[in-house]
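Following: one structure in C-alpha cells, then a few remarks.
What's counted below: heavy atoms across the whole structure, side chains too, no hydrogens, waters or symmetry copies.
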Number of protein chains: 2
Amino acid sequence: MSRRAAVRLIDVAEHAGVSLATASRVLSSAGAYRGRGEARERVLASAAELGYEPNLHARALAGSQSSTIALVVHDIRDAYFALIAGAVVAAAEQHGMLVTIVSTYRDPQQEARYLALLRAQRPRAIILAGSGFTNRSAADPIREELQRYEGTGGVVVTLGRQDAGHSIIVGNQEGARSLAHAMVDLGHREFAVVTGPAKLMTVRDRLKGFRRGLEECGIDLDPAAVIHGAATRESGGTVAAQLAEAKHRPTCVFGSFDVVAVGLVAGFQRLGIAVPGEISVAGFGDVPVASDITPSLTTVRLPLEQVGQQAVELALSPDPAVRRSVAFEGVVMLRDSTAAPPA
Amino acid sequence: MSRRAAVRLIDVAEHAGVSLATASRVLSSAGAYRGRGEARERVLASAAELGYEPNLHARALAGSQSSTIALVVHDIRDAYFALIAGAVVAAAEQHGMLVTIVSTYRDPQQEARYLALLRAQRPRAIILAGSGFTNRSAADPIREELQRYEGTGGVVVTLGRQDAGHSIIVGNQEGARSLAHAMVDLGHREFAVVTGPAKLMTVRDRLKGFRRGLEECGIDLDPAAVIHGAATRESGGTVAAQLAEAKHRPTCVFGSFDVVAVGLVAGFQRLGIAVPGEISVAGFGDVPVASDITPSLTTVRLPLEQVGQQAVELALSPDPAVRRSVAFEGVVMLRDSTAAPPA
DNA sequence: GAAGCGCTCGAAAGCGCTTTCAATACAGTA
DNA sequence: TACTGTATTGAAAGCGCTTTCGAGCGCTTC
C-alpha cells in the first residue's frame, strides 16, 4: 500500500513542458481557450499518461466554485425521496457534479444542524426536498439558515415551499384537488383524510387541495374527519382500526402518503373490510408499492423524475439572483382500491 | 442578496485577539490541545458571535483529510440500496461526515467513470455497495480504480465483493442456503430460480447459496431452471408467464431479488395461478414491499441497517492498511407466499 | 540557581489549484 | 517594413485552512 502521492497539476505541466497556468487552462477548459494546438495536445497527452485527476478541494478553494450539490431529504429510505434522489443524482452527473445527500429524519432541529454542516462544504447549491415545516414565524431556523447561505452566494432550490430561493411546486395541492374530484365522480360523499404531521407543508398542501376539491363539489370536509398521524405504513394500519370502529364510517379514505394508504388497505383487509367493496382508499405519490399491492392503489402520480431534473437545472441556473419558480402537476391514477361506494 | 463573503478563520482569530494558528487549534479541537483556558474561551466566543463556519475544502486541502464518504450504489431508487444509504448517511453523520452518493445504474463503464469522478473529491473512503461485477480478469476496470484509490491513501469498503479494501459479507450465500433448506422443509422438490444478470456478484452468490442448500438436501438444481433476467418487477412478470406455460412447472420459484419475486407473484396471480396454493414464491432482501403485497412474501431479511453502519465503521477505522472483513447473516422470513406444494 | 520539562502560542510554509497581470507571439493592416 | 490588435503563455498572488518549528513561559528537579 505505497501511499504514493496523487498526480498534481504541476506534474502534468512539467511533463508536458508548459507552465502550471497553461496546464490549468487546458484541463479546466476555461471558456474560449483553445491553445495553439501544440501545447494543448501535449498537456492532454501528459494528463492521460500520468493519470492526472484534479483535486476538487483545491479547485473549489481557488476558484470558489464547488462541484457538489447538496440534497436534503426527510428520509432517503422512503421511496418518494429515493425517487427524487435518483433523478437528482442522474441529472447532476450529467453536469459533472456530485451530490451530497443528507437525511434529516423529519427533525427540524436536525435539519437546521445539517444545513449548517452542509454549508461548510460550500456546495454550489442546496436542494431542499420534502423539507417544509410550516413555521412561518420570523424565527424559523431553517429559513434563517437558507437565507444565510444565499447571502454568501449559494443557490437554494426548494420543493414544496416557497420562502427561499428557486422553488418547485410539485403538484401537491392540484393533485389532491383532482383526486377529490375523481372520488366525488365515483359517487363518494363521505370522506376521511389520514395524513402526516400537521407541521409539514406537504401535509398541509395535500389536505388543502383535497378540501378545496371537495368544496368545489359542494362537499364540506369535517375537521374531525382529518386524522394526523405519522407518514408511515403502521400509522395507516392503526387508523384503519379506528375508522373501522367509528359509528359513522366514511366511504372513501384519502391517505395523503402512499405508505399510509398501503397501511390503510392492509388494515381494513385484516379486519375483514373489503377494499374497495366496502370502503375505497386512495393514496398520494404513486410510489412503486402502489401498483404492487392488491388491490392496486388509486393515487396521484407526481412527476418526480422531472422534479429532480428540474431541481438540478435550477440549482445550476446561471443567474441565481432572479428567483424562479416551476410548477408540476400530479395526475390521478385510478386503480383498483377505489370504486363506487356501496349502495 | 449581498454576496458578502463568509467569515474566515482569520476573522475569528483577529476578533479574539489570537493568532490564526491558535484559532485553528481551538476550533479543530486538535487532539490534546486545551489552551490556557483564556484564549480558548475567547476563540469559541468569537466564532459563535461571528457565525464562523469552517471551509471544508480548505480543511481538506491543508490537512489532507476530507470529511466526506462516498457511497456507490447501483440504483439509489431501489429500496435495497435506499435502505443501505439511509444507514450509511445516519452513521456517517454521527461522525460529522457527509455522504456523497453516486448511482451507476448497473453499467460497469459508468461505474468506473464515476469512481474516477469521485476520486477527484478525495473522499475519506469509498463504500462500494452492490457493486460487484464478477469480472475476475486482471483488467477489471473497477478493481483497478479501487486499487489506485487505495494506493493514494484512500479507504475502500466493499459489500459483497472481496477483492479490494475492507469487505462486508452481507449474507447472500448463507441466506440463500437457509432459504433453500426452508423450502425443502416445506416439502418442495421442484425449483426454479429467477435472478438478475449473471455478471453480478450478488446474483452469483445468491444462486450459489441456493444451489448448495438444495444439494445439501440431495436435490440438484437443473441449470435450465435458472433464468437470468433483469432485477426488476417487470422481469418477474415476464418469467411468470413463461413458467406458467412450461410443460414441467416447478412447485417453488425463488426470485433472488424481492422485486423480481413481487413481479412473479403478480404475474402468477394475473394468470389465475394461486400463490402459494399452486406455486410458492420466495424472494430475497426483505425490502418493505415484501410485507405489503398479498400474499406477503417469504424472503431473506438482510440486516441492511447494520451493514450500512458497519460500512461506515470500517470506512473510518484507524488502520486501513490491515484489511478487515465482517460477515452478516440473512434470516429467512417465512410468510404467506410459500406453503407446502400441492398434493 | 541552573538545567530540564511540558505547555501554549505565533510566524510562516505549504496543500493544489485558478486567475489576474504582464509579456510575448502571431496575424492582419497600412 | 513598421504598427496595431488579438491570442497564448508564464510568473506569481492568493483561496482558507492545518501544521511544523521554535520561542516563550511557568514549573519541578538536582
Atom-to-atom span, [atom1] of [X] to [atom2] of [N] - whole angstrom:
X	N	atom1	atom2	result
B:Glu14	D:dC17	CD	P	12 Å
B:Leu20	D:dC15	CG	P	12 Å
A:Gln121	D:dC15	CD	C1'	17 Å
B:Arg122	D:dC17	CZ	P	20 Å
B:Arg25	C:dG10	CZ	P	8 Å
B:Tyr52	D:dT18	OH	C1'	11 Å
B:Arg59	D:dC17	CZ	P	8 Å
A:Leu27	C:dT19	CG	P	14 Å

Listed nucleotide nearest any side-chain atom of [X], set [options]:
X	options	result
B:Arg8	D:dG16, D:dT18, D:dA11	D:dG16
A:Ala21	D:dC17, C:dA11, D:dA11	D:dA11
A:Val18	C:dT19, D:dC17, D:dG10	D:dG10

Query raised in the report: Just by distance, with hydrogens left out, do B:Ser167 and B:Ser325 show a side-chain donor and acceptor under 3.5 Å apart?
Result: yes
Query raised in the report: With distance as the sole criterion, is a donor-acceptor pair present between the side chains of A:Thr68 and B:Gln121 under 3.5 Å?
Result: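 The criterion, which ignores hydrogens and geometry beyond distance, is not satisfied for B:Gln121 and A:Thr68.
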Query raised in the report: Is any side-chain N or O of A:Thr22 closer than 4.0 Å to OP1 or OP2 of D:dT9?
Result: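 It does not, given that no N or O in the side chain of A:Thr22 lies less than 4.0 Å from OP1 or OP2 of D:dT9.
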Query raised in the report: Distance check: side-chain N/O of B:Ser24 vs OP1/OP2 of D:dT18, anything under 4.0 Å?
Result: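 Answer yes for this pair, as a side-chain N or O of B:Ser24 is under 4.0 Å from OP1 or OP2.
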Query raised in the report: Below 4.0 angstrom, N of the basic side chain to O of the carboxylate: do A:Glu49 and A:Arg42 qualify?
Result: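 No.
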Query raised in the report: Are any of the side-chain nitrogens in B:Glu14 or B:Arg8 under 4.0 Å away from the carboxylate oxygens of its partner?
Result: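 Answer for the salt bridge query: no.
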Query raised in the report: Hey, which of these two, B:Gly63 or B:Ser19, hits DNA chain C nearer its 5' end, going by closest nucleotide?
Result: B:Ser19
Query - Residue whose nearest DNA chain C nucleotide is more 5′ - B:Gly17 or B:Ala58 - result: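 Residue closer to the 5' terminus by nearest nucleotide: B:Gly17.
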Query raised in the report: Where does the angle between the aromatic ring planes of A:Phe81 and A:His74 fall among parallel (under 30°), tilted (30 to 60°) and perpendicular (over 60°)?
Result: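 Taking A:His74 first and then A:Phe81, their aromatic rings stand perpendicular (interplane angle over 60°).
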